[in-house]
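Report on the structure given below.
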Amino acid sequence: MKKVTSLPKKIKGVFMDLDGTLTVGPKLFASTYKALEELKNAGFWTVIVSGRPAGWADCLMRLTPIDAMIFENGAGVLLRDGEKLVLHPLAPNPGQARQALQSVFEKLKKAKPYLRQASDQAYRLYDCAVDICEEEPHLSEKDVEWLLETLKKEKVTAKLSSIHVNFWKGNHDKRSACEFLLKSEGKKWKADLKNVVFLGDSPNDEPLFEYFPNSVGVANVRDFEDKLIHRPKFVTNKAGGKGFEELVRVLKA
């Protein structure tokens, strides 16, 4: 992985993960929020690409200057259109899927009763999130490996993030949602793969590390190097939100 300072010039937009990428632990520092505002004020467009729920997308779109948020690992996009927020669902109707996913979770819980859904599950439309280390008690690495192996047998798509294991019905992921946005908004944003950058930190970002020529990992991505087939092309010196701030300084230079 190359140093982030060797990124090509003429970048116009930033796709970025949220947890572990904009945050340090669970916190979004004031300096990171300021860097996000500076990026927007400098003329860059910005998109959060996250496993977090639809409910979080609505909140973050109203509280931050971002142009769009991809939520639940590509299940949908919330897009800013002037003063309005426009929802673009990219996954099938969630009604039946929710019941099926809950049944899978109950099966998992029978095998390991201490498993629990993430505390943000109530705000999700399309997926199920199992908490592995966002809140105490944390799951062991052995439990996480068991969880991922078991989900492979359940005819669901499962991804590991820095805090959750998410699983869902369908073939959508972060990459398919980014492709949708670049196709639908690329002309307006004057954006294509050559002049945008993606910033992430964990295995559920792997489809985007592969897809974006200018993919960047914050320093804590190194914690998952042995789990990644497709690694980011560039890496920051600092972790989490401080790595994002480092990227912003490079882009504005």
Side-chain angles (χ1 to χ4, degrees), residues 13-23 26-28 32-33 35-37 39-40 44-95 97-98 101 117-131 134 157 159-186 188-189 191 196-202 204-205 207-208 211-212 240-241 244:
V14 181
F15 288 85
M16 70 204 91
D17 179 49
L18 178 59
D19 293 283
T21 300
L22 285 182
T23 66
K27 303 296 184 183
L28 178 67
T32 306
Y33 188 93
L36 189 61
E37 286 192 318
L39 199 61
K40 184 63 179 174
F44 294 85
W45 51 264
T46 52
V47 179
I48 288 178
V49 189
S50 179
R52 287 295 188 176
W56 277 46
D58 183 86
C59 179
L60 286 169
M61 286 291 292
R62 297 179 192 280
L63 295 179
T64 70
I66 59 174
D67 295 285
M69 178 165 171
I70 293 167
F71 58 84
E72 295 180 39
N73 286 292
V77 177
L78 199 59
L79 180 67
R80 194 179 305 282
D81 183 10
E83 296 295 319
K84 297 187 299 181
L85 298 181
V86 180
L87 175 64
H88 295 275
L90 302 177
N93 187 294
R98 275 204 301 266
L101 295 176
Q117 292 179 327
S119 58
D120 66 7
Q121 184 63 42
Y123 315 111
R124 294 178 178 275
L125 293 176
Y126 298 96
D127 76 356
C128 181
V130 181
D131 191 342
E134 183 174 27
T157 301
K159 294 288 184 180
L160 171 66
S161 78
S162 57
I163 52 174
H164 299 154
V165 168
N166 301 76
F167 62 95
W168 61 89
K169 293 279 189 179
N171 296 319
H172 59 274
D173 61 11
K174 287 185 172 186
R175 173 172 172 166
S176 61
C178 288
E179 289 174 333
F180 166 82
L181 261 185
L182 284 173
K183 184 176 180 179
S184 67
E185 305 301 314
K188 181 175 72 175
W189 289 343
V196 300
V197 65
F198 170 73
L199 182 70
D201 77 306
S202 64
N204 70 339
D205 297 319
L208 300 186
Y211 176 59
F212 283 95
F244 170 73

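All heavy atoms count here, side chains included; hydrogens, waters and symmetry mates do not. By convention here, the first residue in the shown sequence is residue 1.
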Write down the atom of L101, the atom of C128, and the distance for their closest heavy-atom approach. CD1-N, 4.0 Å
How about T46 and L39: do any of their side-chain heavy atoms sit closer than 4.5 Å? yes
Is it true that a side-chain atom of T32 and a backbone atom of L28 form a donor plus acceptor pair closer than 3.5 Å? no
Checking E179 now: which residues fulfil salt bridge (Lys or Arg N to Asp or Glu O under 4.0 Å) with it, not counting sequence neighbours? R175
Checking side chain to side chain contact (heavy atoms under 4.5 Å, CB included) for the pair L63/Y33: CA distance, chi angles, key distance, verdict? CA-CA 10 Å; L63 295 179; Y33 188 93; 5.7 Å; no
If you measure from the Lys or Arg side-chain nitrogens to the Asp or Glu carboxylate oxygens, is any gap between R52 and D120 under 4.0 Å? yes
Do D127 and N166 pair up side chain to side chain, a donor and an acceptor below 3.5 Å, judged on atom types alone? yes
P89 and L87: which non-hydrogen atoms are nearest, and at how many Å? CD-O, 3.6 Å
Residues passing the salt bridge (Lys or Arg N to Asp or Glu O under 4.0 Å) test with K40, sequence neighbours excluded, are D67
When every non-hydrogen atom of S50 is compared with those of L18, the smallest separation belongs to OG-CB, 3.9 Å
Euclidean distance, D17 CG relative to N204 CG, rounded to 0.5 Å: 6.0 Å
Within the 4.5 Å heavy-atom criterion, are F15 and L181 side-chain neighbours or not? yes
Are the side chains of L78 and D58 in contact, using a 4.5 Å heavy-atom criterion? yes
On a heavy-atom basis, which atom in R124 and which in H164 lie closest, and how many Å separate them? NH2-ND1, 3.8 Å
Does the side chain of V49 come within less than 4.5 Å of L208's, by heavy atoms? yes
Steps toward salt bridge (Lys or Arg N to Asp or Glu O under 4.0 Å) verdict (D205, K174): CA-CA 7 Å; D205 297 319; K174 287 185 172 186; 2.6 Å; yes
Describe, in one word, how the ring planes of F212 and F198 are oriented to each other, choosing from parallel (under 30°), tilted (30 to 60°) and perpendicular (over 60°). parallel
Apply the test side chain to side chain contact (heavy atoms under 4.5 Å, CB included) to residues N73 and H172: give CA-CA distance (whole Å), side-chain angles for both, the deciding distance (0.1 Å), then the verdict. CA-CA 8 Å; N73 286 292; H172 59 274; 5.7 Å; no
Determine whether F180 and L90 make a side-chain contact, defined as any pair of heavy atoms from C-beta on separated by less than 4.5 Å. yes
Has S176 got a side-chain atom pairing as donor or acceptor with D173's backbone, closer than 3.5 angstrom? yes
Looking only at non-hydrogen atoms, find the nearest pair between P53 and Y123 and report the distance. CB-O, 3.2 Å
Atom pair CD/CD1 of E134 and I163 - distance to nearest 0.5 Å: 4.0 Å
Close side-chain approach of R98 and Y126, heavy atoms under 4.5 Å: no
With a 4.5 Å heavy-atom cut-off, do L22 and M16 have their side chains touching? yes
Compute the ring centroids of F44 and W189, then answer whether they are less than 6.0 Å apart. no
Between S161 and S202, the two heavy atoms sitting closest are CA-OG, 3.7 Å
Verify the distance criterion only: is there a donor paired with an acceptor across the side chains of T21 and D201 at less than 3.5 Å? yes
Are the side chain of E72 and the backbone of L125 linked by a donor-acceptor contact shorter than 3.5 Å? yes
With sequence neighbours left out, the residues meeting salt bridge (Lys or Arg N to Asp or Glu O under 4.0 Å) with K188 are E185
To the closest 0.5 Å, what do you measure between CG (L85) and CG (L79)? 8.5 Å
Side chains of D131 and Q117: closer than 4.5 Å at any heavy-atom pair? no
Going through the distances and angles, do L36 and I66 end up as a side chain to side chain contact (heavy atoms under 4.5 Å, CB included)? CA-CA 8 Å; L36 189 61; I66 59 174; 4.1 Å; yes
